[in-house]
*Asks:* 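Have a look at this one.
First listed ligand is number 1; within each ligand, the first listed atom is number 1. Only heavy atoms go into these numbers, but all of them, side chains included; no hydrogens, no water, no symmetry mates.
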Amino acid sequence: MAATVLNGKKLSRQIEDGLQRRVARISSGTGGQIPVLATILVGDDPASATYVRMKGNACKRVGMDSLRVLLPEETTTRELLAEIEKLNADPRVHGILLQHPVPAQVHERACFDRISTGKDVDGVTAHGFGLMAMGAPAYGAATPAGIMTLLSHYHIPLEGRTAVVVGRSPILGKPMAMMLLNANATVTICHSRTRNLPGIVRTADIVVGAVGKREFIKADWIADNAVVIDAGYHPGPVGDVELSAVVHRCAAYTPVPGGVGPMTIATLIAQTVASAEKVAAGSGPAPAQERP
Ligand code: NAP
């Protein structure tokens, strides 16, 4: 049987249609207020600038506003923290995205963690991660949360199944593993010191490639009928998995492009709309929320 294509592009458009209606409802219920995502870009890395632009375009598509903060390459941690504080305190702003990676002199973790939990719509704070890991309400890290939405939409069973996540970054591999664990999968996390990676990947009903190396996960490591999630993003149509050689014998896979990437953006926008709905209902982030 042909593999199911987990079409993130198509699903993200459906999600955006729903978000457009929710944004219109917020606006009509609040006398014209619309959700605002603040995006912070530090430096002039062209790939990061493209990602931020794509997120701004998605805001426009659903009728939201984005507030762009551009900071120079030489920005210090202290300066970036001050910008984040301003956005935390700005009642117009419902969500804050700090584009990863920031220049080397900036303490990225300290800056992520300064984002108030209620505006952490990209799911990057340690507090948000902790809540999510405990099964408490929190905005999930956008990429793995988008993957979970995709798996659920296509009714991919997770309970009791073996999932192998290759990569353990704070914004992707680790939260991915926790989300799969919360969905009752049996999860193995692999990284650069893992021994016998091919053998471990072969045990997986669900493989998630989150390595950042082109076609690093080889087709012959992947069991027949596995579900293949490729989060990798590189110039050219390849991800972290040698997909072309496995699509004919896996159960389902995310195409590259058009799989995980659009779901990340849709999730970020959806979580910003959810934050704005909370504010409209009087239960959202206070303008200057206490940090935990
Ligand atoms: P990252 O921070 O560089 O993390 C890479 C992970 O891969 C690390 O945990 C690293 O292990 C592991 N790794 C590196 N070499 C390995 C090896 N030889 N064997 C096993 N594991 C190895 O990358 P990231 O931010 O998580 O991103 C991963 C990929 O996802 C990239 O291609 C990125 O472009 C893509 N991405 C896509 C989206 C999207 O929206 N589509 C969003 C975010 C990221 P150690 O921890 O031991 O170093």
*Asks:* Heavy atoms only: which of His191, Met176, Lys174, His234 is nearest to atom 20 (C) of ligand 1?
*Replies:*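 That would be His191.
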*Asks:* What residue and heavy atom of the protein are closest to atom 43 (C) of ligand 1, and at what distance?
*Replies:*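 Heavy-atom neighbour on the protein nearest atom 43 (C) of ligand 1: Thr143 OG1, 3.9 Å.
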*Asks:* Note the single closest protein heavy atom to atom 44 (C) of ligand 1, along with its residue, its atom name and the distance in Å.
*Replies:*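 For atom 44 (C) of ligand 1, the nearest protein heavy atom is Leu172 CD2, 3.6 Å.
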*Asks:* Nearest 0.5 Å, what's the CD1-SG distance between Ile96 and Cys111?
*Replies:*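 Rounded to the nearest 0.5 Å, the CD1-SG separation comes to 11.5 Å.
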*Asks:* From the options Gly261, Ala141, Pro257, Gly212, select the one whose nearest heavy atom is closest to atom 29 (C) of ligand 1.
*Replies:*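 Selected option, by shortest heavy-atom distance: Gly212.
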*Asks:* Which residue supplies the protein heavy atom nearest to atom 37 (C) of ligand 1, what is that atom called, and how far is it?
*Replies:*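 Going atom by atom, the protein heavy atom closest to atom 37 (C) of ligand 1 ends up being Ala231 O, 3.1 Å.
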*Asks:* Go through the steps to decide whether Asp90 and Arg92 satisfy the test salt bridge (charged side-chain N to carboxylate O under 4.0 Å, His left out), and finish with yes or no.
*Replies:* CA-CA 5 Å; Asp90 187 336; Arg92 293 170 307 164; 2.6 Å; yes
*Asks:* Can you confirm whether more than 12 heavy atoms, excluding those of Lys10, are under 6.0 Å from its NZ atom?
*Replies:*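 For Lys10, atom NZ is not crowded (no more than 12 foreign heavy atoms under 6.0 Å).
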*Asks:* Which pairs pass salt bridge (Lys or Arg N to Asp or Glu O under 4.0 Å) with one or both residues in residues 37-62, sequence neighbours excluded?
*Replies:*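 Those involving residues 37-62 are Glu16-Arg61.
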*Asks:* Where do Phe129 and Phe112 land on the ring pair (Phe, Tyr, Trp, His ring centres under 6.0 Å) test, with the steps shown first?
*Replies:* CA-CA 11 Å; Phe129 175 88; Phe112 276 157; over 10 Å; no
*Asks:* Check Asp240 against ligand 1 and report side chain, backbone, both or neither, counting heavy atoms closer than 4.0 Å.
*Replies:*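 The part of Asp240 near ligand 1 is the side chain, not the backbone.
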*Asks:* For atom 8 (C) of ligand 1, find the nearest protein heavy atom and state the residue, atom name and distance (0.1 Å precision).
*Replies:*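 Going atom by atom, the protein heavy atom closest to atom 8 (C) of ligand 1 ends up being Arg168 N, 4.0 Å.
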*Asks:* Are the charged groups of Asp113 and Arg109 less than 4.0 angstrom apart, N to O?
*Replies:*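 Counted as a salt bridge, because a side-chain N and a carboxylate O are separated by less than 4.0 Å.
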*Asks:* Is there any salt bridge (Lys or Arg N to Asp or Glu O under 4.0 Å) pair reaching into residues 221-230, and which pairs are they, with sequence neighbours excluded?
*Replies:*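 Qualifying pairs: Asp224-Arg249.
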*Asks:* Distance to 0.1 Å, residue and atom name: give those for the protein heavy atom nearest to atom 39 (C) of ligand 1.
*Replies:*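 Among all protein heavy atoms, the one nearest atom 39 (C) of ligand 1 is Thr264 OG1, 3.7 Å.
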*Asks:* Heavy atoms only: which of Gly167, Ser192, Gly8, Pro170 is nearest to atom 22 (C) of ligand 1?
*Replies:*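 Heavy atom nearest to atom 22 (C) of ligand 1 belongs to Ser192.
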*Asks:* Considering non-hydrogen atoms of the protein only, which is the closest contact for atom 5 (C) of ligand 1, and what is the distance?
*Replies:*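 Here the closest protein heavy atom is Val211 O, 3.3 Å.
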*Asks:* Determine, considering heavy atoms only, which of Ser169, Gly173, Pro144 sits nearest to atom 26 (O) of ligand 1.
*Replies:*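 Ranked by closest heavy atom to atom 26 (O) of ligand 1, first place is Ser169.
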*Asks:* Please could you name the atoms of ligand 1 that Ala210 approaches to less than 4.0 Å, counting only its heavy atoms?
*Replies:*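 It comes down to these atoms of ligand 1: 5 (C), 6 (C), 7 (O), 28 (C).
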*Asks:* Less than 4.0 Å is my threshold; does some heavy atom of Lys213 fall inside it relative to ligand 1?
*Replies:*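 Checking ligand 1 against Lys213, which is what was asked, there is a heavy-atom contact under 4.0 Å.
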*Asks:* Apply side-chain contact (heavy atoms from CB on, under 4.5 Å) to the pair Thr117 and Leu131, showing each step before the final yes or no.
*Replies:* CA-CA 10 Å; Thr117 311; Leu131 290 171; 4.2 Å; yes
*Asks:* In sequence, state the C-alpha distance, the side-chain angles, and the governing distance for Ile40 and Leu87, and then conclude on side-chain contact (heavy atoms from CB on, under 4.5 Å).
*Replies:* CA-CA 10 Å; Ile40 310 174; Leu87 297 171; 3.7 Å; yes
*Asks:* Which residue holds the protein heavy atom closest to atom 18 (N) of ligand 1, what is that atom called, and what is the gap in Å?
*Replies:*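 So the nearest neighbour among protein heavy atoms is Phe216 CZ, 3.2 Å.
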*Asks:* Kindly indicate, with the supporting measurements, whether the criterion side-chain contact (heavy atoms from CB on, under 4.5 Å) is fulfilled by His94 and Val121.
*Replies:* CA-CA 8 Å; His94 302 99; Val121 293; over 6 Å; no
*Asks:* Can you tell me the protein heavy atom closest to atom 33 (C) of ligand 1 and the distance?
*Replies:*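 Sorting protein heavy atoms by distance from atom 33 (C) of ligand 1 puts Tyr233 N, 4.2 Å first.
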